[in-house]
Amino acid sequence: MAQESETIAEARRQMEICNSCRYCEGYCAVFPAMAMRRSFAEADLTHLANLCHGCKGCYHACQYAPPHAFGINIPATFAEIRNETYAKHAWPGALGAMFERNGTVVALAASLGVALLLILTVALQDPAVLWSAQRGAGAFFRIIPHWLMIGLGVLTFGYAILAMAMGARSYWRATGGGGAFAPAPAAEAMVDIATMRNLGGGGHGCNDIDDSFSVRRRWLHQALMYGFLLCFAATCTGTIYHYLLGWTSPHAFFSLPVQFGTWGGVLMMIGAAGLAHVKVITDPGPVSRKVMGGEFAILGLLFLIAVTGLLLLVVRHTGAMGLMLAIHLGLVFAFFLVMPYSKMVHGVYRGIALLRNAQEKRRAATA
Ligand code: SF4
Ligand code: SF4
């Protein structure tokens, strides 16, 4: 049996105190899920940590939080377990080490992605395309050849989906597997994800900054998630335009791909910048410094993707389009490659934790 980490042992100590105290029972889904357990195996603690959405409510309410000798700090301890989860279930396993210095990994991937796209562009095309204006249908492909753009996109995105699916399978098995598919818990988990209900703290909000309540993290996170999904919709509609309708990009400003991409980019920019700002000004007490680098780096990368995408729209009839397109696509492909080894995987594990929680609640209600 693999040896447990010190963080798991520390989380068990804290959960055993919480399970005797139970003051925070109504704060979030974690404490009722904790109360269903008498002991805390690694699988239980992994599940509870991924069910925690880091609202910090229990830290600000806790009479045993530092400087008390018990040193209860559930948000920081669970954040470290989540990071260990991402590393442990990474696929291929050896790449889990990328979570150790995650900020550096993400920043390096972004820089290499941009450098690679610039090198490929000048190697395959006349370097002048990087600063000379390209107009009309197919303008983008005179800078980055169509086969290269599609090939890199399919390879990097396909790899990200495969790696995250393998991680999800490993996590699901490690936290106990599950019975036959049931639509009701799956629907409950989907609603939780779509609305980010838990980040609302039951209506009054979470302790985003200090011991006062706010819903800003919920709205910013929703802006980022829906902005990301709109950008994905832009890519899907652009693909339909190209392959089914024979309409080649760049498309008109009021076309579906450009509208989805524009509003998606604006939302992503607001969400990424806002969440980074919350992290800067928040009370550092319930925060794990170990995971901060990776979190800032992925928010920075998402912000840069959004900004370069919007700038590409602004400069697309000028000589700056070539350079902006290469930078934007370099960042996007780097993002796809690094996605399974970044904070982005929290969506997968948190989704599974919400599904498992919905299943457990139903089992407990019928027991
Ligand atoms: S976090 Fe503190 S107050 Fe809340 S249940 Fe645990 S020990 Fe009790
Ligand atoms: S930080 Fe928030 S979500 Fe996490 S255990 Fe504490 S109260 Fe629950």
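One-based numbering, in listed order, for ligands and for the atoms of each. For reference, positions follow the sequence shown, starting with 1. Bear in mind that the values here come from a model prediction, so they are computed numbers and not experimental data.
- The closest side-chain heavy-atom distance from Phe78 to Val30 is below 4.5 Å.
- A single hydrophobic cluster is seen to contain both Leu304 and Ile270, as judged by linkage of ILVMFWY side chains at heavy-atom distances under 4.5 Å, directly or through other members.
- Tyr349 and Tyr86 have parallel rings, their planes meeting at less than 30° on a 0 to 90° scale where 60° marks the start of perpendicular.
- No donor-acceptor contact under 3.5 angstrom links the side chains of Glu10 and Thr77, judged on distance only.
- Within the coordination shell of atom 6 (Fe) of ligand 1, defined by N, O or S atoms under 2.8 Å, Cys58 is absent.
- Each of Phe260, Phe157, Phe336, Tyr226 was compared with Phe232 under the ring pair (Phe, Tyr, Trp, His ring centres under 6.0 Å) criterion, and only Phe157 meets it.
- In terms of protein heavy-atom proximity, atom 2 (Fe) of ligand 2 is nearest to Cys55 SG, 2.3 Å.
- Interface atoms of ligand 2 facing Lys56, defined by a heavy-atom separation under 4.0 Å, are 1 (S), 2 (Fe).
- With a 4.0 Å heavy-atom cut-off, ligand 2 is reached by the side chain of Cys28 but not by its N, CA, C or O.
- Protein heavy atom at the shortest distance from atom 3 (S) of ligand 1 is Gln63 OE1, 3.4 Å.
- Residue His53: no N/O/S atom is found under 2.8 Å from atom 8 (Fe) of ligand 2.
- Atom 6 (Fe) of ligand 1 has Cys18 SG, 2.4 Å as its closest protein atom, hydrogens excluded (heavy atom only).
- Every atom of ligand 2 is numbered from 1 in the order shown, and the set under 4.0 Å from a heavy atom of Ile74 is 5 (S).
- The distance from ligand 1 to the heavy atoms of Cys62 drops below 4.0 Å at these ligand atoms: 1 (S), 2 (Fe), 3 (S), 7 (S).
- Taking both residues in full, the closest heavy atoms of Trp172 and Ile352 are given as CE3-CG2, 3.3 Å, listed atom of the first, atom of the second, then distance.
- Arg37 and Asp44 are joined by a salt bridge, as a carboxylate oxygen and a charged side-chain nitrogen come within less than 4.0 angstrom of each other.
- If you check which protein heavy atom lies closest to atom 8 (Fe) of ligand 1, you get Cys21 SG, 2.3 Å.
- Scanning the protein for heavy atoms near atom 7 (S) of ligand 1, the closest one is Tyr64 CD1, 3.5 Å.
- Both the backbone and the side chain of Tyr23 come within contact range of ligand 1, each with a heavy atom under 4.0 Å.
- Considering only non-hydrogen protein atoms, atom 4 (Fe) of ligand 1 sits nearest to Cys24 SG, 2.3 Å.
- Taking hydrophobic clusters as Ile, Leu, Val, Met, Phe, Trp and Tyr residues chained together by side-chain heavy-atom distances below 4.5 Å, Leu313 does not share a cluster with Met268.
- Heavy-atom minimum distance, His47 versus Asn357: CE1-N, 4.0 Å.
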